[in-house]
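Sequence lines set the chain letters: A, B, ... in the order given, protein chains first and strands last, and positions in each chain run from 1.
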Amino acid sequence: MKCQRCEKPSTFHITEIIGEEIHEFHLCEDHAKEYMANVPPSDNTPPSTPDDSPFESSVQIQLPQSQDELEKLDQETCPICGISFYEFRQKGRFGCPYDYIHFQKELEPLLANIHGVFKHTGKRPKRMAQSSGKQTELISLRREMQQAIEKELYEKASQIRDRIRQLETS
Amino acid sequence: MNFDDLLRNPSSWLQGTGPEADVVISSRIRLARNLADFPFIRQCTHTDRKGIESQIKQQLLDQPFFAESTFIDVSELSKLERQLLVERQLISQELSKTEGARSVAIAKQEAFSLMINEEDHLRIQVMESGFNLKETWDRINELDDHLEERLTYAFHEKFGYLTACPTNVGTGMRVSVMLHLPALTMTDQVDKVFRSLQEINLVVRGLYGEGSQSMGDLFQISNQLTLGKTEEELLAQVKEVVTEIIAFERKAREHLLLERKRELSDRASRAIGILSSAHTITSEETMDLLSSLRMGIYLNLVTQMKIPDINRIFLETQPAHLQKIYGGELDTYDRNTERAQYLQRYLHKISRSSDSSQN
Ligand SMILES: [Zn+2]
Ligand SMILES: [Zn+2]
């Protein structure tokens, strides 16, 4: 793929989330550097109303990665909810809490880019999940049950449902 | 839920009371939370969404802090009813417009609202009238404590509260203060003030309007970052900046009162004139006229109207409220006519009652 601003091959792929919109840029090294150096702070902030999306913030998610790295990474899927890294890049939304663990390596520079840091220092729940393994197992079991129902494998679905009930009440 | 009950009073955040109410309309905090044992909304099946709804509902009913709250199934409301809740800021545009199982729990006197199945499983919101971040935080923090005793939130040691969008992760907290800045707008200083805010990671938005020229001179300031700072630090940052802006706005008002008093009085009188005699009026024009009046009241240039009048009119001339009071659906053209009639009635009622009190 060619750089969007010159004839050189694009080696940097930048995904930006501005508000709800996703923008992708494919740039050569020089243009990527130029781009990163002067990301306009306000020009690309779309006018929006507080209540259109009160929670949305106009920040940018940038993922400078080489093309090979990115192509490989895009294929990677979360074992719990099934979302691929590509889908995350497209929508800017994760599929389940486990994605933060599964994609942690890629996520840390991204969070540093958005927030400047990637270590939470605020409030924490007094009562933590006893074992997060149980929680993620519930997520994937519910998905498996749904898939079994879609494939009309009702016996399998009911076995999974029993296992879910067991976990929920334990 | 009885929408007529809702309509009887303006929202509590619009009482026009509280500290610094001459400049600050309201203080609002929202917290984003997700249940640990469900996928985030975008990967949810219908069954998942129903499961989230019922889990939250089950844990809340019978709780003392939840007494006299109402659960509303948003997916069963009409478009007009959903819009009404948006205008009262009880639900977001997103919750109003997206499809699928979703709901909102609203506390007595609109003291808090809980949106279920918005972008995150749970969005907790507390609003106060005036500049009252400490009390707003204390209330929402306590509510969040109650909820987490019964619900298992998705939380990560390093990343904090996990959210569907990485821009909300960490504290999951968005603090917003709505400001009325007519004098800074009139003296062309508003852009300068806001440009300086972007450098310190605060977001400014005009209310309802596009771009920096906001309708009714109303602006909302929020924190942009959610990770790496404690809730108290985030609150302190917003507080510091808003305190400065309040001082700027008051200085600009004093300056206008000294240099351009006749112009201010003229604006206020014309505003009353138009509002009480127009035959058709848009919501934009109404907001702009209300802005002149609001400032006029605080500068003692307007005596025949009070702040609670301005706030009531502000809310009741918005499209869904107007139609609900009218009792049916109206297109834009008819809404503008109905709005003018509502305003005539309201202002004539005020002038009659002020006449009789003088006799
Ligand atoms: Zn290039
Ligand atoms: Zn996942």
Side-chain angles (χ1 to χ4, degrees), chain A residues 17 41-42 45 47-59 61 78 80-83 87 91-101 104 107-108 110-111 114-130 132 134-139 142-143 145-146 167-168, chain B residues 30 32 34 36-43 45 47-48 51 86 89 92-94 119 123 141 144-145 148-149 152-162 164-171 173-174 176 195 198 203 205-211 220 222 224-231 234:
Chain A
I17 302 177
S42 58
T45 304
S48 61
T49 59
D51 284 288
D52 266 330
S53 38
F55 239 85
E56 155 242 288
S57 57
S58 319
V59 292
I61 294 182
C78 166
I80 305 298
C81 72
I83 196 183
E87 286 172 86
K91 303 272 162 123
R93 301 289 182 275
F94 283 119
C96 81
Y98 189 73
D99 298 354
Y100 280 91
I101 296 159
Q104 181 162 357
L107 196 58
E108 285 185 354
L110 192 141
L111 288 176
I114 301 172
H115 299 277
V117 284
F118 48 82
K119 177 86 183 76
H120 176 64
T121 55
K123 185 176 180 178
R124 41 189 55 236
K126 284 177 208 78
R127 196 180 57 95
M128 300 280 259
Q130 287 306 306
S132 66
K134 178 181 133 184
Q135 315 290 339
T136 49
E137 193 181 346
L138 275 167
I139 297 176
R142 289 202 188 95
R143 188 162 70 102
M145 185 173 77
Q146 191 69 28
L167 275 174
E168 278 176 339
Chain B
R30 280 182 176 159
N34 287 279
D37 57 344
F38 282 93
F40 292 139
I41 294 296
R42 60 157 303 184
Q43 292 294 95
T45 60
T47 322
D48 288 333
V86 172
Q89 301 207 27
S92 63
Q93 204 68 261
E94 164 131 359
E119 183 187 295
R123 290 254 167 114
N141 190 28
D144 184 49
D145 286 345
E148 73 177 23
E149 274 169 30
T152 306
Y153 287 154
F155 184 87
H156 184 276
E157 274 301 314
K158 194 167 185 181
F159 299 137
Y161 293 93
L162 302 180
C165 180
T167 58
N168 299 322
V169 78
T171 57
M173 181 172 82
R174 201 71 69 193
S176 304
R195 232 172 293 126
Q198 277 170 339
V203 185
R205 294 197 188 88
L207 192 77
Y208 311 113
E210 303 273 298
Q220 183 176 274
S222 323
Q224 183 173 61
L225 310 183
T226 55
L227 181 65
K229 286 198 164 69
T230 64
E231 288 80 359
L234 292 171

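- Contact of A/L167 with chain B is not made at all, since no heavy-atom distance falls under 4.5 Å.
- B/K229 touches chain A through its backbone: at least one of N, CA, C or O sits under 4.5 Å from a heavy atom, while the side chain does not.
- Taking both residues in full, the closest heavy atoms of A/T121 and B/G228 are given as OG1-O, 3.3 Å, listed atom of the first, atom of the second, then distance.
- From B/T47, atom OG1 reaches atom CE of A/M145 across 6.5 Å, with rounding to the nearest 0.5 Å.
- The minimum heavy-atom distance between B/V169 and A/H115, with the atom names listed, is CG1-NE2, 4.1 Å.
- Atom CD1 of residue B/I41 and atom CZ of residue A/R93 lie 12.0 Å apart, to the nearest 0.5 angstrom.
- Remark: side-chain polar atoms of B/Q43 are not paired, donor with acceptor, to backbone N or O of A/C96 under 3.5 angstrom.
- Considering every non-hydrogen atom in both B/F155 and A/P125, the closest pair reads CD1-CD, 3.4 Å.
- Among all heavy-atom pairs drawn from B/F38 and A/P97, the shortest one is O-CD, 3.7 Å.
- Only the side chain of A/L111 comes within contact range of chain B, judged by heavy atoms closer than 4.5 Å.
- Of the two parts of A/E87, the backbone and the side chain both hold a non-hydrogen atom closer than 4.5 Å to a non-hydrogen atom of chain B.
- Among all heavy-atom pairs drawn from B/A36 and A/I139, the shortest one is O-CD1, 3.5 Å.
- Salt-bridge formation is not detected for the pair A/K126/B/E149: no Lys NZ or Arg NE/NH1/NH2 atom is positioned less than 4.0 Å from an Asp or Glu carboxylate oxygen.
- Residue A/Q104 comes nearest to B/K158 through the heavy atom pair NE2-CD, 4.0 Å, listed as atom of the first residue, atom of the second, then distance.
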